[in-house]
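Notes follow once the structure below has been shown.
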Amino acid sequence: MIYCDPTDAANPCSAGTLPPPLTPYVSAARPNDPRTEHRLTVRSVKLVTDGALGSWGAALIEPYKDRPDTTGLLRIPRDRVDGLIWDTMRQGYQVNVHCIGDLANKLVLDGFERAAERRTADGTLPPANLLRSRIEHSQIVLKEDVARFVQLGIIPSVQPTHATSDMPYAEARLGRRRVADGAYLWRSFLAAGAPHLALGSDFPIEAVDPLLGVYAAVTRMFLNGSSPAGPDVGWFPEECLTRREALRGFTSSAAYASFQEHDLGRLAPGLLADFVAYPEDWVATDGRRAAVAGGSP
């Protein structure tokens with residue numbers, strides 16, 4: 001993934017080009033060229049639209065409940081969102097955009113929608129679902145915008161442990177209504193018809209162990225079995241995933257979201273043997289028997 005900082009006026013990415021140090025890699029593996037060595041793939045560009053919820057940096061439509069003087073910050077000026085998305089798409093790169101707040105998600109969805117209109121008029125570019133554009137985190141989203149992910153072919157890429165890390169203070173930041181209606185809406189994305197809900201850890205921000213993410217996705221509780229809602233009660237449990245949905249999110253859907261479904265994400269003939277074997281139910285235990293990556297222990 002190529003990281004572009006749109007606040008840096010000298011950054012070549014902001015002009016629709018790629019940083020010179022990456023030129024040899026890009027020459028060897030254009031975004032529409034499937035040749036890779038399984039360790040390095042140059043296919044996508046990441047844009048960062050806003051900050052984080054904990055630091056009052058997520059860009060919100062309404063002010064923070066505990067900081068009514070601010071609505072967060074946008075790291076990409078509004079008038080540059082559309083251009084950055086379009087410039088990246090027209091070069092054939094997958095666009096991955098960091099969006100925490102509902103304003104950030106809305107502006108980026110607007111940008112993808114306008115890019116879709118330009119693609120239709122242009123007639124030469126593949127649709128967004130072939131470029132597999134993603135919104136990273138998709139954390140606070142207006143209910144009406146959930147359906148737009150599906151309509152525009154945008155993959156919601158979420159990190160379940162963000163919810164369990166944020167739940168001690170999320171209601172203070174947003175208020176209970178906003179959390180209930182528009183935060184950490186995993187079940188809502190699937191109910192709206194999202195074919196892929198990609199799950200990950202956001203390491204090193206969160207722990208890398210995927211079972212912690214599975215546990216958070218299925219229970220929405222702390223590791224001690226409690227949540228702000230009480231003991232043995234998940235935090236807004238109506239948005240929990242099933243074990244099978246969480247497993248799919250961390251494996252086959254995550255692989256699809258990174259164009260690796262023909263290499264990873266399933267146990268099938270011809271795919272790389274990347275797996276962890278557990279002696280018991282893979283959700284109920286934290287013990288592991290063996291780890292294999294690419295066919296090697």
Side-chain angles (χ1 to χ4, degrees), residues 1-2 29 31-46 92-98 126-138 149-150 153-162 186-187 189-218 240-286 288-297:
M1 187 180 295
I2 300 165
N32 58 353
D33 186 342
R35 293 174 300 165
T36 70
E37 294 298 325
H38 301 299
R39 301 299 184 189
L40 173 66
T41 302
V42 178
R43 192 191 293 276
S44 62
V45 173
K46 182 175 182 179
Y93 284 90
Q94 179 189 38
V95 186
N96 303 316
V97 192
H98 163 114
N129 65 323
L130 294 184
L131 292 176
R132 303 186 190 180
S133 300
R134 292 156 48 173
I135 292 185
E136 296 299 322
H137 311 310
S138 308
F149 277 78
V150 180
I154 308 303
I155 298 172
S157 174
V158 306
Q159 298 73 36
T161 54
H162 280 341
W186 314 326
R187 167 67 46 207
F189 280 121
L190 294 179
H196 296 281
L197 179 65
L199 305 184
S201 68
D202 204 30
F203 177 80
I205 304 302
E206 299 279 352
V208 71
D209 188 346
L211 273 195
L212 294 175
V214 169
Y215 176 84
V218 172
C240 286
L241 300 179
T242 67
R243 297 180 181 191
R244 182 173 294 277
E245 288 164 346
L247 176 62
R248 184 183 300 119
F250 273 100
T251 55
S252 59
S253 288
Y256 178 87
S258 56
F259 292 87
Q260 292 182 300
E261 71 273 21
H262 299 300
D263 297 317
L264 300 169
R266 294 175 295 120
L267 293 176
L271 273 64
L272 291 173
D274 282 356
F275 61 86
V276 175
Y278 293 90
E280 303 171 29
D281 183 291
W282 57 270
V283 172
T285 180
D286 61 0
R288 61 186 57 189
R289 176 174 294 165
V292 176
S296 301

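Small disclaimer: the values here were computed from a predicted structure and weren't measured.
The CD atom of Glu206 sits 8.0 Å away from the OG atom of Ser201 when rounded to the nearest 0.5 Å. Interatomic distance, Asp274 CG to Leu267 CG, rounded to the nearest 0.5 Å: 9.5 Å. Atom CD1 in Ile205 sits 10.5 Å away from atom OG1 in Thr161 (nearest 0.5 Å). Here Ser157 contributes atom OG and Ile135 contributes atom CD1; the two are 10.5 Å apart, rounded to the nearest 0.5 Å. Distance check, rounded to the nearest 0.5 Å: CZ of Phe259 to CZ of Arg43 gives 5.5 Å. Note that the NE2 atom of His262 and the OH atom of Tyr256 stand 9.5 Å from one another [nearest 0.5 Å].
Ser253 and Ala198 get closest at one heavy-atom pair: O-CB, 4.1 Å. Across all their heavy atoms, Gly213 and Pro160 have their closest contact at O-CB, 3.4 Å.
Using a 4.5 Å heavy-atom threshold, the side chains of Leu197 and Val158 count as touching. Looking at heavy atoms from C-beta onward, Leu241 lies in side-chain contact with Leu199 at the 4.5 angstrom threshold. Side-chain contact between Gln159 and Glu136 is present, with at least one heavy-atom pair separated by less than 4.5 Å. Within the 4.5 Å cutoff, no side-chain heavy atoms of Val218 are placed close to those of Arg244. The shortest side-chain heavy-atom distance between Ser258 and Arg134 falls under the 4.5 Å cut-off.
Taking the six-membered ring where the residue is Trp, Phe189 and Phe149 present perpendicular rings, their angle passing 60° and hence far from 30°.
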Can you check side chain to side chain contact (heavy atoms under 4.5 Å, CB included) on His162 and His137, steps first, answer last? CA-CA 9 Å; His162 280 341; His137 311 310; 3.9 Å; yes
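When atom types are taken as modelled, the side chain of Arg132 and the backbone of Gln94 share no donor-acceptor pair closer than 3.5 angstrom.
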